[in-house]
*Asks:* 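Got a structure here, written out as structure tokens. Questions coming.
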2 protein chains.
Amino acid sequence: MAVIKDVAKLAGVSPSTVSKYLNNPQSVLAKNCEKIEMAIKELNYRPNLFARQLRVQDSHTIALIAQEIMNPFHATIYNTIRKAAIKKNYSVILYSISDVGGELSTLLDSIPRNYFSGIIVCYFHDMDKSLEFALANKDIPFTIMSNIPYTNNLENVRLLYGDFAHGIEMITEFIIGKGRKKIAYVGCMTRQPDQEPKFTSFMRTMGRHNLKPHSVVRLQKEYRAETGYESLKIILEKEERPDAILVDNDIMAIGVLRGLADHKIKVPDEIIVTGFDDITMASFYSPALTTVRVPIEAMSIKAFDLLYEMMEKGNIATEIPVFVPEIVVRETTS
Amino acid sequence: MAVIKDVAKLAGVSPSTVSKYLNNPQSVLAKNCEKIEMAIKELNYRPNLFARQLRVQDSHTIALIAQEIMNPFHATIYNTIRKAAIKKNYSVILYSISDVGGELSTLLDSIPRNYFSGIIVCYFHDMDKSLEFALANKDIPFTIMSNIPYTNNLENVRLLYGDFAHGIEMITEFIIGKGRKKIAYVGCMTRQPDQEPKFTSFMRTMGRHNLKPHSVVRLQKEYRAETGYESLKIILEKEERPDAILVDNDIMAIGVLRGLADHKIKVPDEIIVTGFDDITMASFYSPALTTVRVPIEAMSIKAFDLLYEMMEKGNIATEIPVFVPEIVVRETTS
DNA sequence: TTGTACGCGTTATCAC
DNA sequence: GTGATAACGCGTACAA
């Protein structure tokens with residue numbers, strides 16, 4: 001493998017000139033540029049990233065800490081951030097909470113934090129630990145995506161907030177507005193019930209209408225169709241059936257729908273079903289799923305942009321929008 | 001940020017002793033180990049990866065070149081390889097063909113090849129270019145996943161082969177066995193028809209039964225549900241409807257199913273539909289999709305294992321299994 | 001078993 | 001505009 005010295009020798013200039021050519025071609029005489037270019041081609045030279053990174057102390061690589069990407073919602077986050085990063089010449093390494101059995105702190109301990117130019121944390125279920133981590137690594141830019149309104153005054157942290165609780169409030173109101181009163185709630189036991197913004201928002205809205213849930217199933221499992229399928233089984237064990245099932249994410253809602261199809265229970269006639277996220281499959285499933293759309297692509301792009309700003313331009317205070325969800329009505333409710 | 005020298009000073013030993021402790025603790029006296037450990041904790045020392053990588057010329061990072069991961073089939077490949085890599089302390093950086101408009105050569109040119117400890121190529125549509133790339137980078141271990149039986153004698157390359165053509169043959173026979181004769185084919189125009197193993201396998205099998213396809217739709221678009229939906233529209237424009245639709249991937253098959261639901265065309269009574277891949281959604285969709293299961297997790301794990309062997313142990317000639325698909329019969333055909 | 005000295009390949013600085 | 005020189009932090013041969 002040819003190194004910069006070889007190129008310099010062949011081109012008849014010094015290594016520094018080659019380096020300058022690589023990093024700022026305009027500052028090198030045209031005739032030298034030509035010679036260098038030819039030498040690079042001739043030797044098939046590629047800069048050694050190891051050396052460059054050591055010198056500039058920058059990997060141009062960011063870490064994304066996120067949930068299992070077999071869930072399309074999280075795959076979208078990862079993919080959107082990855083694409084945004086590539087455009088700016090950054091690489092992304094994904095760290096999935098599911099790799100370490102859902103333990104954020106285990107994951108955080110394991111990553112070589114001082115290697116990354118920046119870190120994006122997208123794990124809604126443990127904001128405290130995320131912030132603590134950012135606090136302990138003040139020299140690294142962070143973007144933390146959250147589903148509850150946090151504020152902070154850390155120089156190295158940008159917080160991004162999607163108002164998921166409001167989304168749940170809207171969809172709960174929507175279901176109640178349809179005249180349904182026996183409403184079941186399906187989610188995952190990611191944290192204590194009173195700590196989970198979606199669930200608490202549901203209960204609060206129900207309370208406003210003096211309603212109690214038909215049932216609540218929050219298994220301690222992954223967000224997957226299988227888990228939704230299993231949750232439905234538990235709901236149907238009750239003597240009385242619900243007339244609506246609010247699932248707090250799409251992928252599990254699809255598991256629920258599949259279970260209802262198995263039981264030949266008509267959707268939406270007997271039971272209406274709603275999801276959350278608006279993954280692609282929500283509109284392609286049959287019946288198509290009524291759900292809450294969160295502008296996750298926009299959020300993901302913003303997450304990277306904020307990080308990029310910190311990484312390249314230092315700390316600029318930018319206006320950060322709040323991302324508001326909206327209801328998408330489809331076949332499972334009408 | 002503390003460096004190894006600081007640790008050495010605090011522990012009262014030399015930097016090289018600390019280095020040895022980090023890389024081979026047994027070769028350092030127990031009492032020194034203790035002191036070093038304490039110093040590391042005290043200073044919150046983390047080895048500088050930039051320096052280590054420069055010294056050993058190894059990033060412990062592999063590149064995966066694959067298709068768009070918003071397709072669950074490819075997401076599975078990526079995720080499985082990533083998880084396998086993590087266990088062996090390797091990171092994975094994903095390069096998606098879709099990022100560069102589907103041009104493999106553009107992508108290959110852009111990646112810093114000399115940075116990676118190994119490269120896995122999983123792009124079935126241009127084997128020649130993949131092999132050519134591996135040939136031009138003999139110092140990097142490669143695993144290339146393919147859907148046609150290739151052989152090679154490159155020291156740095158392992159080829160992995162899933163017999164997709166056989167899968168298509170089986171499912172075509174299966175459809176014909178159901179007595180259907182007006183069979184439509186849906187896929188993507190990734191390469192010329194006579195170069196595409198799935199499509200040629202379909203045509204060959206049809207030919208054996210003296211059958212001509214009802215229609216063939218291979219749009220030059222991404223493998224997505226939308227594309228399947230669109231393809232169906234084109235099929236239904238024909239005067240006569242097909243009685244079977246063979247889709248060569250699941251995600252587009254779901255788009256087709258959704259379209260059929262829109263037209264109130266009964267599946268499987270009027271038209272039977274089959275897919276390929278057996279993504280999770282195939283079994284959760286309603287009606288559940290008959291498809292061809294390829295052991296993609298096993299293939300992905302093997303892909304990494306072969307690479308790992310080359311990266312760590314040098315070139316060992318290992319038996320590589322052929323991965324054979326099987327039909328999974330579900331509701332869309334019965 | 002431990003310490004000293006050097007080199008990995010690049011870029012930033014500063015004379016010229 | 002160009003070139004010599006130092007420095008980034010770690011691993012390792014070699015000497016002690």
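Please read these numbers as outputs of a predicted model, since none were measured by experiment. Each chain gets a letter, A, B and so on, in the order the sequences are listed, and its residues count up from 1.
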*Asks:* Would you say A/S19 places a side-chain N or O within less than 4.0 Å of OP1 or OP2 belonging to C/dT10?
*Replies:* no

*Asks:* For the ring pair A/Y78 and B/Y78, is the centre-to-centre distance below 6.0 Å?
*Replies:*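 A/Y78 vs B/Y78: aromatic centres under 6.0 Å.
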
*Asks:* In whole angstrom, give the distance that lies between atom CG of A/L43 and atom C1' of C/dG9.
*Replies:* 15 Å

*Asks:* At 4.0 Å (heavy atoms only), tell me whether A/P47 reaches a base, stays on the sugar-phosphate, or touches nothing.
*Replies:* sugar-phosphate

*Asks:* If I take atom NZ in residue A/K35 and atom C1' in nucleotide D/dG1, what distance separates them, rounded to the nearest angstrom?
*Replies:* 13 Å

*Asks:* Among the candidates D/dC8, C/dT10, C/dG3, find the nucleotide nearest to the side-chain atoms of A/I4.
*Replies:* C/dT10

*Asks:* Determine the contact category for B/L29: base if any of its heavy atoms lies under 4.0 Å from a base atom, sugar-phosphate if only primed atoms, P, OP1 or OP2 are that close, otherwise nothing.
*Replies:* sugar-phosphate

*Asks:* For B/E34, is the CD atom crowded, meaning more than 12 foreign heavy atoms sit under 6.0 Å from it?
*Replies:*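 Counting neighbours around CD of B/E34, 12 or fewer heavy atoms of other residues, nucleotides or ligands fall under 6.0 Å, so no.
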
*Asks:* Which whole-number value in Å describes the distance from A/L54 CG to C/dA12 P?
*Replies:* 13 Å

*Asks:* Is any side-chain nitrogen or oxygen of A/Y45 closer than 4.0 Å to OP1 or OP2 of C/dT10?
*Replies:* yes

*Asks:* If you find the nucleotide of DNA chain C closest to B/A51 and the one closest to B/N32, which residue's nucleotide is nearer the 5' end?
*Replies:*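 Counting from the 5' end, the first nearest nucleotide belongs to B/N32.
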
*Asks:* What residue among B/T143, B/I144, B/V92 forms side-chain contact (heavy atoms from CB on, under 4.5 Å) with B/I120?
*Replies:* B/T143

*Asks:* On the nucleotide D/dG11, are OP1 or OP2 found under 4.0 Å from the side-chain N or O atoms that B/N23 carries?
*Replies:* yes

*Asks:* Tell me the closest heavy-atom pair linking A/P25 and A/C33, and the distance in Å.
*Replies:* O-SG, 3.8 Å

*Asks:* Atom pairs under 3.5 Å, N or O on each side, protein against nucleotides 5-7 of chain D: can you list them with distances?
*Replies:*
{"from": "D/dA7", "atom 1": "N3", "to": "A/R55", "atom 2": "NH1", "distance (Å)": "3.1"}

*Asks:* What is the distance, rounded to the nearest whole Å, between atom NZ of B/K20 and atom C1' of C/dT4?
*Replies:* 13 Å

*Asks:* So do A/I320 and A/Y161 actually touch side chain to side chain, heavy atoms under 4.5 Å?
*Replies:*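 Heavy-atom side-chain distance check fails, nothing below 4.5 Å.
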
*Asks:* Nearest whole angstrom, please: distance from the P of D/dT12 to the OH of B/Y21.
*Replies:*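 In whole Å, D/dT12 P and B/Y21 OH are 17 Å from each other.
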
*Asks:* How close or far is atom C1' of D/dT12 from atom CG of B/N24, stated in whole angstroms?
*Replies:* 13 Å

*Asks:* Show, in sequence, the C-alpha distance, side-chain angles and deciding distance for B/S14 and B/T17, and conclude whether the side chain to side chain donor-acceptor pair (under 3.5 Å) test is met.
*Replies:* CA-CA 5 Å; B/S14 80; B/T17 306; 3.2 Å; yes

*Asks:* Identify which nucleotide among C/dT11, D/dG9, D/dG3 has an atom closest to any side-chain atom of A/Q57, counting heavy atoms from C-beta outward.
*Replies:* D/dG9

*Asks:* Taking atom P of D/dG9 as reference, at what distance in whole Å does atom CE of B/M1 sit?
*Replies:*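 From B/M1 CE to D/dG9 P: 11 Å.
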
*Asks:* I'd like to check A/N48 versus A/M1 (side-chain heavy atoms, cut-off strictly below 4.5 Å). Are they in contact?
*Replies:*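 Side-chain contact under 4.5 Å: no.
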
*Asks:* Rounded to whole angstrom units, what separation is found between the NZ atom of B/K9 and the P atom of C/dG3?
*Replies:*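 Rounded to whole Å, this separation is 14 Å.
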
